[in-house]
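Whatever order the structure lists ligands and atoms in, that order sets their numbers, starting from 1.
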Amino acid sequence: MLENKAPGKDISEEDLLTKFPLAAKQSPDHRSKFTIAGVEFGSDHVPVFAGPNMVENKELIIETAKAVKASGADFLRGGAFKPLTFPYRSEKYTETREDGLQWLADAKEATGIPVITEVMEEKYIEPIAEVADILQIGTRNMQNFPFLTACAKTGKPIMLKRHFGCSIRDWLGSAEYILIEGNEKVILCERGVVAPHTHRSSSRFLLDLQAVPATQEMTHLPVVVDPSHATFWRPWVEPMALAGVASGADGIMLEVHPDPENAAVDPLQAVSFEAFDSMMKKMDAVAQAVGRSVL
Ligand code: PEP
Ligand code: MN
């Protein structure tokens, strides 16, 4: 089943058969095909998920929904419930929670763009599932196994971000927890890993682009790339997004904000509406070169 049986691979033939048989490819060209809110996954189209890190207020999310949709984005992203690294909050740096979820619903109603948003706690799965087209499980919850099961049981499509310290083997193990519940609409997302020398001198994380073909070699599930969280640095988002498309990614997630420098969360990585519009055209050109399309 494995195309590359090179010695030293940490995923064995045995793993594919016994540890994640549902996530494993059944043949070399096996690729999951499904549709979410009219958007095809597993086709030659490369869906784009765009929006702010956090749903800061109603005006911002509606304005962003309109802008990213006009540029060709397929999904609006934005967190109302956020994994914030440090516990201190200010008026600006705070989760908008139920309000943010309502504003996402408002943005969806105003523009028709489908929505992806993160679920952090089991008690909010249901209200979030009522609004979101895709439930995002963030890096920090990637191996919270009972939580994966609870999210899977909603039957909602799920994006499973890769923990920054996890192997592809661990990541596929987590995907299997969702698939085993009969939930087949699982999207994987590579968002950067911790690697030697990435701290300070270059960036917080290293975008593991090699994980795209490596993961696709093992699984039929779509693999999305998030260059915003990986680079943490605006000037590198575009080159890594283009490289993501070139690497064969099945989708790109990008942080887009009307006033990036003043974004409440992660202001160093968001791109402006203008930059996003230009990136969409360039990503489409790269996609065309590898037999796919973004626009
Ligand atoms: C996010 O996409 O908003 C996010 C918090 O990402 P990650 O889980 O990859 O850090
Ligand atoms: Mn598209």
Side-chain angles (χ1 to χ4, degrees), residues 35-56 61 68-86 93 95-96 100 104 113-120 128 132 134-144 147 151 158-166 171 174 187-194 203-208 211 222 224-232 237 241 245 249-257 263-267 269-270 276-277 279-281 283-288 292-295:
T35 301
I36 302 173
V39 181
E40 278 186 19
F41 286 80
S43 78
D44 289 338
H45 177 241
V46 180
V48 173
F49 309 75
N53 183 303
M54 187 167 78
V55 184
E56 297 175 33
I61 198 70
V68 298
K69 190 182 181 203
S71 296
D74 299 278
F75 291 88
L76 175 68
R77 64 142 286 144
F81 297 86
K82 295 288 314 163
L84 297 170
T85 306
F86 304 102
Y93 185 80
E95 292 173 276
T96 53
L104 275 174
I113 193 168
V115 161
I116 175 167
T117 195
E118 180 159 353
V119 193
M120 292 280 299
I128 293 174
I134 305 176
L135 303 180
Q136 178 173 321
I137 298 179
T139 53
R140 280 89 183 167
N141 269 313
M142 192 203 88
Q143 286 192 311
N144 183 344
F147 183 69
C151 288
I158 290 176
M159 176 184 279
L160 179 66
K161 296 191 97 175
R162 178 187 182 189
H163 187 272
F164 40 79
C166 274
W171 195 16
S174 292
I187 301 161
L188 302 172
C189 179
E190 156 59 35
R191 47 77 72 214
V193 293
V194 174
S203 70
R204 196 170 165 206
F205 300 107
L206 177 73
L207 181 60
D208 185 5
V224 167
V225 162
D226 170 356
S228 305
H229 283 88
T231 61
F232 204 57
V237 172
V245 175
D250 301 302
I252 300 289
M253 177 175 263
L254 288 167
E255 280 191 10
V256 182
H257 192 283
V265 182
D266 292 351
Q269 71 197 31
F276 176 66
D277 191 68
M279 279 170 71
M280 287 294 278
K281 295 184 174 84
M283 286 193 291
D284 188 55
V286 173
Q288 299 287 342
R292 301 183 81 172
S293 66
V294 165
L295 293 174

Discussion item. Could you check whether Asn141 and Lys161, counting side-chain N and O atoms only, form a donor-acceptor pair closer than 3.5 Å?
Written reply: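 No donor-acceptor contact under 3.5 Å links the two side chains.
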Item to complete: For the residue pair Phe49 and Met159, establish whether any side-chain heavy-atom pair is separated by less than 4.5 Å.
Response: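 A side-chain contact under 4.5 Å exists here.
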Worksheet item: Are Val224 and Glu190 close enough that some pair of their side-chain heavy atoms sits under 4.5 Å apart?
Response: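 Counting from C-beta outward, Val224 and Glu190 never come under 4.5 Å.
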If you count the atoms of ligand 1 from 1 in the order shown, which ones are under 4.0 Å from a heavy atom of [X]?
X      : answer
Thr139 : 7 (P), 8 (O), 9 (O), 10 (O)
Gly138 : 8 (O)
Glu118 : 4 (C), 5 (C)
Pro83  : 5 (C)

Discussion item. Using a 3.5 Å cut-off on N or O atoms only, is Arg77 in polar contact with ligand 1?
Written reply: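 Arg77 vs ligand 1: N/O contact under 3.5 Å present.
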Worksheet entry | Closest approach of any protein heavy atom to atom 6 (O) of ligand 1, naming residue and atom |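 Nearest protein contact, heavy atoms only, for atom 6 (O) of ligand 1 is Lys161 NZ, 2.9 Å.
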Fill in: Ion pair Arg292/Asp250, N-O distance below 4.0 Å
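A salt bridge links Arg292 with Asp250.
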Discussion item. Could you check whether Arg191 makes a cation-pi contact with Phe205, meaning its NZ or CZ is under 6.0 Å from the centre of the six-membered ring and within 45° of the ring axis?
Written reply: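 Verdict for Phe205: a cation-pi partner in Arg191.
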Item to complete: Taking the Mn ion (ligand 2) as the vertex, measure the angle between atom OD1 in Asp74 and atom O in Val294; round to 10°.
Response: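 Here the angle at the metal atom is close to 170°, to 10°.
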Discussion item. Looking at non-hydrogen atoms alone, which of Arg162, Arg191, His229, Glu190 comes nearest to atom 1 (C) of ligand 1?
Written reply: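 When every heavy atom of Arg162, Arg191, His229, Glu190 is considered, His229 comes closest to atom 1 (C) of ligand 1.
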Fill in: Backbone N/O of Ala211 and side chain of Asp208: donor-acceptor pair under 3.5 Å
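Such a contact is found between Asp208 side chain and Ala211 backbone.
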Practice prompt. Using non-hydrogen atoms of the residue, decide whether Met54 is closer than 4.0 angstrom to ligand 1.
Written response: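 No.
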Worksheet entry | N/O/S atom name from His45 that is nearest to the position of the Mn ion (ligand 2) |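 Within His45, restricted to N, O or S, the Mn ion (ligand 2) is closest to atom NE2.
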Worksheet item: Per the side chain to side chain contact (heavy atoms under 4.5 Å, CB included) rule, which among Glu255, Met54, His257 passes with Asp266?
Response: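 The single option meeting the side chain to side chain contact (heavy atoms under 4.5 Å, CB included) with Asp266 is Glu255.
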